[in-house]
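Working notes, beginning with the structure itself.
Counting starts at 1 for both ligands and their atoms, following the listed order.
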Amino acid sequence: MAANLQELSGGQLVVGCLKAHGVEMAFSVAGESYLEVLDALFDAPEIHLVTCRQEGGAAFMAEAYGKLTGKPGVLLVTRGPGACNAAIGIHTAFQDSTPMVVLVGQVARHQIDREAFQEVDFRKMYAPLAKWVTQIDMTERVPELLNQAFQVATSGRPGPVVVALPEDMLRETAAAAPIGPYRAVRAHPGVRDLAELRRLVAAAERPVVLVGGGGWTDPACADLARFLEASDLPACCSFRRQDIVDNRLPQYLGDLGTGAAPSLVARVKQADLLLAIGARIGEITSQSYSLLGIPDPGKTLIHIHAAAEELGRVFRPILAIQSGMPEIAAALAALDPIANPSWAAWRREARADYEAGLQPSKLTPEGQSPAALDLGRVMTWLRERLPDDAIITSDAGNFSGWPNRFLQYRRPGRQLGPTSGAMGYGVPAAIAAKLAHPGRLVVGFVGDGGFLMTGQEIATAEGPGPIILLFNNAMYGTIRMHQERRFPGRVSGTSLKNPDFPALARAYGAFAAQVARTEEFAPAFEAAIAAKRAAVIELKLDPEMITTRTTLSALRRQAEATKT
Ligand SMILES: Cc1ncc(C[n+]2csc(CCOP(=O)(O)OP(=O)(O)O)c2C)c(N)n1
Ligand SMILES: [Mg+2]
């Protein structure tokens with residue numbers, strides 16, 4: 001160690017390293033296990049410390065921040081109880097390939113393995129949930145291990161890294177200096193692979209591009225759009241990754257999420273070539289592994305992913321390329337376009353199917369009057385109203401089918417949703433997005449079930465706050481849908497007795513409105529924008545409207561008919 005280094009406490013070194021890695025915002029629920037870090041943050045006003053109300057919400061905020069900015073979302077939580085609460089957001093960062101650095105307080109080193117107060121072995125606990133877990137047992141190693149944490153979180157396939165901080169290590173001092181910033185390491189596509197890719201695509205008759213995964217930057221999305229336009233390649237996106245391709249591009253075909261259009265699913269099955277860029281081709285995107293054969297996909301599969309381990313996993317590609325998204329997108333944009341492609345009509349028909357799907361389905365069963373609140377019309381209005389840079393966040397639940405099918409995402413506009421399917425994501429994600437971009441319109445979509453999981457984080461919102469659209473159908477709708485399919489008429493554990501949501505929102509100081517009729521939506525939305533604080537608009541749904549394509553009673557009738 002150089003003699004002129006300052007003696008710093010572990011806590012000061014942690015915060016010095018966060019600054020050195022360019023951290024501007026961190027999400028926390030306080031704990032006595034990491035007082036030294038909180039105290040060092042007192043002297044670091046350049047880091048905006050967001051004080052949250054439950055670690056699940058805080059972890060979702062950090063995840064959403066990471067997803068939105070591409071920089072690691074930083075989360076600070078306390079030992080066992082805090083770490084347990086935070087697990088849902090860490091699992092989401094893992095499944096969603098989101099860079100995140102989680103700092104967890106830990107018992108003092110001399111008490112480890114006594115099952116001391118709130119002690120947990122974080123290496124064991126987080127082993128399957130995080131990309132890497134470490135514990136810093138020597139104060140002088142804080143710079144080294146935090147640097148590694150940021151490197152691992154951002155390199156290859158991004159993900160969450162958990163760093164346990166024993167409280168006595170944070171108190172101890174060492175003559176050490178913070179180091180940073182991290183430099184994310186990403187692979188580049190090779191020249192020969194690119195030539196082979198172009199040859200395979202040019203030979204296709206019915207190609208489909210599938211884009212997805214994490215690691216997309218605005219310039220990478222722009223490069224991707226250039227590539228798709230230049231060769232008129234039709235492209236869909238994976239579950240909750242609708243913001244990678246501007247949905248208004250004639251090459252965009254829709255998403256392979258939980259409510260994927262049957263016409264799109266059929267088309268991907270008919271395709272003779274699938275060019276997957278960034279997507280893992282996971283269970284939801286592959287429509288329960290039915291889109292492609294396993295392991296032989298039964299068509300020309302070109303798979304490009306940031307992580308080598310994902311290539312050849314489940315599906316065996318003809319060509320596998322390990323690359324970061326900015327690197328592959330730039331290389332694809334520079335390829336010679338394929339002139340007069342044979343698939344022009346195939347692309348046009350696919351786009352026509354997508355555009356037809358933007359027309360709301362007729363959901364009213366014969367002889368019944370239509371629902372007073374027509375969500376198809378509400379979404380169509382929002383599609384026109386939202387600015388290009390709007391940030392849309394979403395919880396998990398059937399309500400998410402409405403924005404996913406009817407809104408049109410576009411960069412710099414964003415879609416932040418949990419591909420992990422975690423309920424409770426929508427509200428915290430919207431709060432984090434608004435903190436990161438106070439000047440942009442942020443709209444969070446959530447069900448009545450999901451709202452009561454993390455809705456208390458509205459208390460964490462600062463300034464103008466996001467607009468939360470709360471879809472109240474008085475049930476765990478997704479599960480009720482599955483119930484009607486498997487056990488028609490036997491409703492169990494899925495009905496909800498709800499509080500007065502507008503009153504609850506007002507108690508938090510938020511603007512609140514209730515919408516029961518289509519024509520009430522636009523004025524409520526405009527009033528929410530004008531309120532310049534967090535806002536909750538409760539949409540009173542007809543429970544019949546279970547998806548964008550079918551009603552609850554139609555589901556039940558179909559299930560009963562197939563049973564008899
Ligand atoms: C944390 C968590 N718990 C449970 C589930 C299982 N689950 C998936 S969707 C859903 C219901 C969502 O209900 P709600 O938020 O009201 O939305 P709706 O489906 O009614 O539109 C449940 C319970 C989950 N995905 N995540
Ligand atoms: Mg519901």
Side-chain angles (χ1 to χ4, degrees), residues 54-61 63-64 84-96 129 239-240 257-259 282-284 288 363 371 373 375-376 378-379 392-407 417-430 443-458 468-487 491-501 504-505 514-516 536-552 555:
Q54 208 263 15
E55 291 84 353
F60 281 143
M61 286 188 220
E63 198 280 347
C84 287
N85 272 347
I88 191 168
I90 296 164
H91 177 245
T92 295
F94 190 73
Q95 289 229 298
D96 288 34
L129 297 183
F239 181 40
R240 296 195 166 133
T258 45
E283 180 183 345
I284 304 278
S288 295
L363 288 175
L373 180 58
L375 290 176
V378 167
M379 292 301 127
I392 306 300
T393 75
S394 172
D395 215 86
N398 263 30
F399 68 86
S400 65
W402 295 94
N404 289 359
R405 174 169 165 194
F406 293 113
L407 297 188
T419 72
S420 68
M423 287 170 74
Y425 185 86
V427 172
V443 184
F445 286 74
V446 63
D448 49 326
F451 185 83
L452 283 188
M453 289 198 176
T454 52
Q456 83 286 349
E457 295 298 346
I458 288 188
I468 304 298
L469 303 183
L470 195 171
F471 289 62
N472 184 1
N473 55 4
M475 60 178 157
Y476 287 134
T478 305
I479 314 306
R480 174 75 183 277
M481 171 184 75
H482 290 299
Q483 232 160 29
E484 292 292 353
R485 283 187 183 140
R486 293 266 308 277
F487 305 103
V491 180
S492 174
T494 51
S495 299
L496 297 175
K497 193 166 118 339
N498 281 321
D500 177 340
F501 284 119
L504 185 60
Q514 198 175 53
V515 167
V536 176
I537 301 177
E538 181 194 6
L539 307 180
K540 301 281 278 182
L541 305 194
D542 177 346
E544 271 293 317
M545 303 297 128
I546 192 70
T547 75
T548 68
R549 297 175 208 278
T550 191
T551 60
L552 208 49
L555 272 184

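Between Thr92 and Pro418, the shortest heavy-atom contact is CG2-CB, 4.1 Å. Taking each heavy atom of Arg549 and Gly259 in turn, the nearest pair found is NH2-O, 3.1 Å. Taking each heavy atom of Gln95 and Thr419 in turn, the nearest pair found is O-OG1, 3.7 Å. Residues Ile88 and Met423 come closest through the heavy atom pair CD1-O, 3.9 Å. Counting all heavy atoms, side chain and backbone alike, Ser394 lies closest to Tyr425 at O-CD2, 3.4 Å. Closest non-hydrogen pair, Ile546 versus Gly477, comes out as CD1-O, 3.4 Å.
Annotation: atom 8 (C) of ligand 1 to nearest protein heavy atom, Ile479 CD1, 3.9 Å. Closest protein heavy atom to atom 21 (O) of ligand 1: Phe399 N, 3.0 Å. For atom 4 (C) of ligand 1, the nearest non-hydrogen atom of the protein is Met423 SD, 3.7 Å.
Contacts between Met475 and ligand 1 below 4.0 angstrom, taking non-hydrogen atoms only, involve the backbone exclusively. Under 4.0 Å from ligand 1, heavy atoms of Thr478 appear from its side chain as well as its backbone.
Using a non-hydrogen distance threshold of 4.0 Å, Gly421 registers as a contact of ligand 1. Assignment of Asp395 to the shell around ligand 1 is not supported, since no heavy atom sits closer than 4.0 Å.
If you number the atoms of ligand 1 from 1 as listed, the ones under 4.0 Å from a heavy atom of Gly450 come out as 15 (O). In summary, the atoms of ligand 1 found under 4.0 Å from a heavy atom of Asn398, numbered by their order in the structure, are 18 (P), 19 (O), 21 (O). Of all atoms in ligand 1, listed by their number and element, those nearer than 4.0 Å to a heavy atom of Asp448 are 16 (O). Heavy-atom contacts of Gly447 reach the following atoms of ligand 1: 14 (P), 15 (O), 16 (O), 17 (O) (cutoff under 4.0 Å). Those atoms of ligand 1 with a heavy atom of Gly477 less than 4.0 angstrom away are 13 (O), 18 (P), 19 (O), 20 (O). Those atoms of ligand 1 that come under 4.0 Å of a heavy atom in Gly449, given as number and element, are 14 (P), 15 (O), 16 (O).
Residues Phe501 and Leu452 are in side-chain contact: their nearest non-hydrogen atoms beyond the backbone lie under 4.5 Å apart. Taking the side chain as every heavy atom from C-beta outward, Leu541 and Trp402 never approach each other to under 4.5 Å. Residues Glu484 and Thr550 fail the side-chain proximity criterion, which asks for heavy atoms closer than 4.5 Å. Counting heavy atoms from C-beta on, the side chains of Ser400 and Arg240 come closer than 4.5 Å.
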Step by step, work out the side-chain contact (heavy atoms from CB on, under 4.5 Å) result for Phe60 and Asp395.
CA-CA 11 Å; Phe60 281 143; Asp395 215 86; over 6 Å; no
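The closest side-chain donor-acceptor pair between Asn398 and Thr547, if any, does not fall under 3.5 angstrom.
In this structure, Phe399 and Phe471 have tilted ring planes: the angle between them lies in the 30° to 60° band.
Here's the thing with Ile88: none of its N/O atoms is less than 3.5 angstrom from an N/O atom of ligand 1.
Only protein atoms were considered; those of element N, O or S under 2.8 Å from the Mg ion (ligand 2) number 3.
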